[in-house]
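One structure below.
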Number of protein chains: 2
Amino acid sequence: MNERPKILREDNTAGETVLAEVEEVIQLAVTIKDVAKKANVAASTVSRVIANSNRISHATKIRVREAMEELGYHPNFHARSLANKSTKTIGIIMPSSAKVAFQNPFFPEVIRGISTKAYQKGYGLYLSTGQTEEERFEEVVQMVEEQRVDGIVLLYSRKNGLIMPYLMKKNFPFVLIGRPYDLPDEEVTHVNNDNFKAAKMVTEYLSLLGHRQIAFIGGNMEYVVTIDHMKGYKKALEQAGIEVNDSYIVYHDELEEGGQEAVIELMSLQERPTALVVADDLMAFGVLRMLSDMGVNVPDELSIISFNNVMISELSSPPMTTVDIHIFDLGSTAVECLFDKMLDKHIQPKSVIIPHRLIKRQSCKKCNDKTLHS
Amino acid sequence: MNERPKILREDNTAGETVLAEVEEVIQLAVTIKDVAKKANVAASTVSRVIANSNRISHATKIRVREAMEELGYHPNFHARSLANKSTKTIGIIMPSSAKVAFQNPFFPEVIRGISTKAYQKGYGLYLSTGQTEEERFEEVVQMVEEQRVDGIVLLYSRKNGLIMPYLMKKNFPFVLIGRPYDLPDEEVTHVNNDNFKAAKMVTEYLSLLGHRQIAFIGGNMEYVVTIDHMKGYKKALEQAGIEVNDSYIVYHDELEEGGQEAVIELMSLQERPTALVVADDLMAFGVLRMLSDMGVNVPDELSIISFNNVMISELSSPPMTTVDIHIFDLGSTAVECLFDKMLDKHIQPKSVIIPHRLIKRQSCKKCNDKTLHS
DNA sequence: CTGAAAGCGCTTACAG
DNA sequence: CTGAAAGCGCTTACAG
């Protein structure tokens, strides 16, 4: 594949005409030496001009820059990285891009947050492509060992993950979006919402509206966010003097489809819930759809509240009351923390909590269940 | 930053103990030389083992592999790329990650298609981060000139883009998802749906249901897909003997919000449309929401049909009739074409059409407008 | 302020 | 089947 250019390079000494005949020649990258020759300086000087070293005279800088301009010079990324030990790129590890999960607008939105901040600092983004936890682990090892990235942001936190322990052992700069589970909180830098508090608040809100039969539809139980939601939900019930009813707690993985199954389960109970805490806006769409098929009116017969405030959540019927978790900020803050880590690997790990906010729309209403008045 | 390791390396000759004291030492990458020494061969032999060259004896391969294993060796990515002129990574150029557009599940889904195929071939993904067309153009130039990627997939096609002309001039391997506009169709490899035909089909379907007042809500006019949709729409009307009514044609950029404005515009007309062709499922959500606020019943008073069949489109009320454009296949096919291009830069450009399919749900109904019977 | 030289960690003709 | 050497295109002490 690169035989051709090789040969050309050797012919190069023979004269300009030979080169001109072969179109591929334009592909032949201009190197620092070419610039050096043209500007009548040494390669090292050109290098210093690139780095804008203040040990180079203004005149020389201008001359070199002109030469770079004229030749259309761009420094070779890999040569720089090799000499530098720096790649100016950060790795992003996403959870399984399983069809459904990845259609959740959460991910585009965090990535937008990450991307914006990374762009400002001149960093590029390298994306994981693995589908399983093992594949992704191998990718992380590769990113680290082959020195492809300077730092990593982990977009999810799960029980028994392989990735975090590995990164910690290597003392490789990374930040987690979410909260560590198996590892001590204070040992890993992470950016998170207070999901416990958010779920507690939401449940309290429902109980303030008079609901006592409040069900909980959680996401994948492997994810820490689900655990936190559940704890907050339980805590709120407890404080309100409502007994926790295990049949009111269901988990489902598959977002909207899951939401639908969960509804069937809950609405088949002797004592139907009058309110629902749903893990995710998308899931809530599935819930709503199912409920509408069953002829259950929201919010008259059932109140619903969910999390994330993803764009479409205001487009449901009725518009969804939800918790805005500021997804964009989660991403951009994570990158900021990552840069701190990259500057000093031994910096104290820190934990940043992005505030959440209740967005009241029209899916919740005062409870009018007769059991209330009994 | 890498001063420390430098010093260590020099002390290295002094003895093992010095090294053991400094934790950073584990970070010090194992190189091909270390492996060579351990396996008692030359570096070049190790290199050949990595490449699994058949000119190396089985016995040597095993010995070298053991050494690699024991030392935890991973070849340095940049050194390889530099020597190789190959990066094993492909660049993905996304349209502006403007808040709304990027929340469209279209992008996660194409990326999933791309990602899956890339993973199979051992390729990584490098993501554009620029917000404006100019920023993204600069990123592309950088990816190409600095030799960061072996190929590029462009996720969108727009009028007066800078990126494609540049890539063509460079003869750099890329494939477009969509269809070129300013450039001749047969000069750029692209993967697309037949958006003209899809829009035509959809409009015909509506007219078969008896609708004659069919409006069109298109997306961003800069994007080629919008133009194709519009042409298909017009063609169908023409063939059905329905006169094109310019006030029935509106464009909006901002997806759902846009969808809502468009509805106001259309429903304020003297002669309200009885059917709507909507550019995108997400936009259709906005349309539906607005209509529901206005008390217009879908599909009784107004039929709606949209494009993409994004996951949530079945969760609207009523469930949306839409055109499945097989987004995943768009992505994975694009990568296949890209690999062909990368293998042979001078391969004939080709155009692949991914079939579409009408998904009938419940947002369309026979027209019962009196104007029909007049 | 600038240059010559060594080095970053690989690959690949070339020679045997 | 294997090795010594040159080269990929940069950066960075070192010396002046």
Side-chain angles (χ1 to χ4, degrees), chain A residues 1-10 12 27-37 39-64 68 71 73-88 145-148, chain B residues 1-10 12 27-37 39-64 68 71 73-88 145-148:
Chain A
M1 241 168 95
N2 58 340
E3 248 109 88
R4 270 235 275 175
K6 262 282 169 49
I7 290 163
L8 285 172
R9 223 178 227 301
E10 285 165 12
N12 210 342
Q27 311 290 13
L28 225 51
V30 178
T31 77
I32 206 170
K33 283 185 189 166
D34 302 319
V35 176
K37 197 178 295 171
N40 248 307
V41 294
S44 45
T45 300
V46 176
S47 176
R48 289 190 189 101
V49 173
I50 295 170
N52 199 21
S53 158
N54 51 17
R55 292 159 49 207
I56 300 293
S57 76
H58 192 61
T60 308
K61 276 186 185 175
I62 289 182
R63 195 150 36 89
V64 171
M68 297 199 301
L71 295 174
Y73 170 74
H74 292 264
N76 178 295
F77 170 65
H78 301 289
R80 285 194 86 159
S81 295
L82 183 58
N84 251 349
K85 303 288 166 209
S86 129
T87 68
K88 285 277 188 184
E145 302 284 352
E146 301 186 355
Q147 297 163 58
R148 277 173 185 255
Chain B
M1 244 166 92
N2 58 339
E3 246 111 273
R4 266 230 281 173
K6 262 279 169 48
I7 290 164
L8 285 174
R9 223 177 226 307
E10 284 166 12
N12 211 343
Q27 311 289 14
L28 223 52
V30 178
T31 77
I32 207 172
K33 282 186 191 164
D34 301 319
V35 176
K37 196 177 297 172
N40 248 306
V41 293
S44 44
T45 301
V46 177
S47 176
R48 289 189 190 102
V49 174
I50 294 170
N52 200 20
S53 159
N54 50 17
R55 292 160 46 206
I56 299 292
S57 76
H58 191 62
T60 308
K61 275 186 185 174
I62 289 182
R63 195 151 36 92
V64 171
M68 297 199 301
L71 296 175
Y73 171 73
H74 292 263
N76 179 294
F77 170 65
H78 300 289
R80 287 195 84 160
S81 295
L82 182 58
N84 253 351
K85 303 287 165 211
S86 129
T87 67
K88 286 277 188 181
E145 302 285 350
E146 300 185 356
Q147 297 162 59
R148 277 173 183 253

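Keep in mind the model is a prediction, meaning the values are calculated, not measured. Hydrogens, waters and symmetry mates are skipped; everything else that's a heavy atom, side chains included, is used. Chain letters run A, B, ... following the sequence lines, proteins first, then strands; residues in each count from 1.
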Return the nearest nucleotide to the side chain of [X]; candidates are [options].
X     : options               : result
B/R48 : D/dT11, C/dA13, C/dG3 : C/dA13
B/I56 : D/dT2, C/dT2, C/dT12  : D/dT2
B/R55 : C/dT2, C/dC10, C/dC14 : C/dC14
B/V41 : D/dC10, C/dT2, D/dG3  : D/dG3
B/N76 : C/dA4, C/dG9, C/dT11  : C/dG9
B/I32 : C/dT11, D/dT2, C/dG3  : C/dT11

Re D/dA4: Watson-Crick or G-U wobble partner, both distances kept under 3.5 Å, found to be none
Whole angstroms only, please: what is the CZ-C1' distance between A/R80 and C/dC8? 14 Å
Expressed in angstrom and rounded to an integer, what is the separation of B/N52 atom CG from C/dT12 atom C1'?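 Rounding to the nearest Å, CG of B/N52 and C1' of C/dT12 are 17 Å apart.
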May I ask you to check whether over 12 heavy atoms, not counting those of A/K61, lie within 6.0 Å of atom NZ? yes
Classify the side chain of A/S44 and the base of C/dA5 as holding, or not holding, a donor-acceptor pair under 3.5 Å.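 No pair found.
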Which is true for B/T60 with a 4.0 Å heavy-atom rule: it touches a base, it touches only sugar-phosphate, or it touches nothing? sugar-phosphate
For D/dT12 and D/dG16, measure between their C1' atoms and round to the nearest Å.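 It works out to 16 Å between them.
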Taking C-beta and beyond as the side chain, do B/I50 and B/M68 meet within less than 4.5 Å on heavy atoms? yes
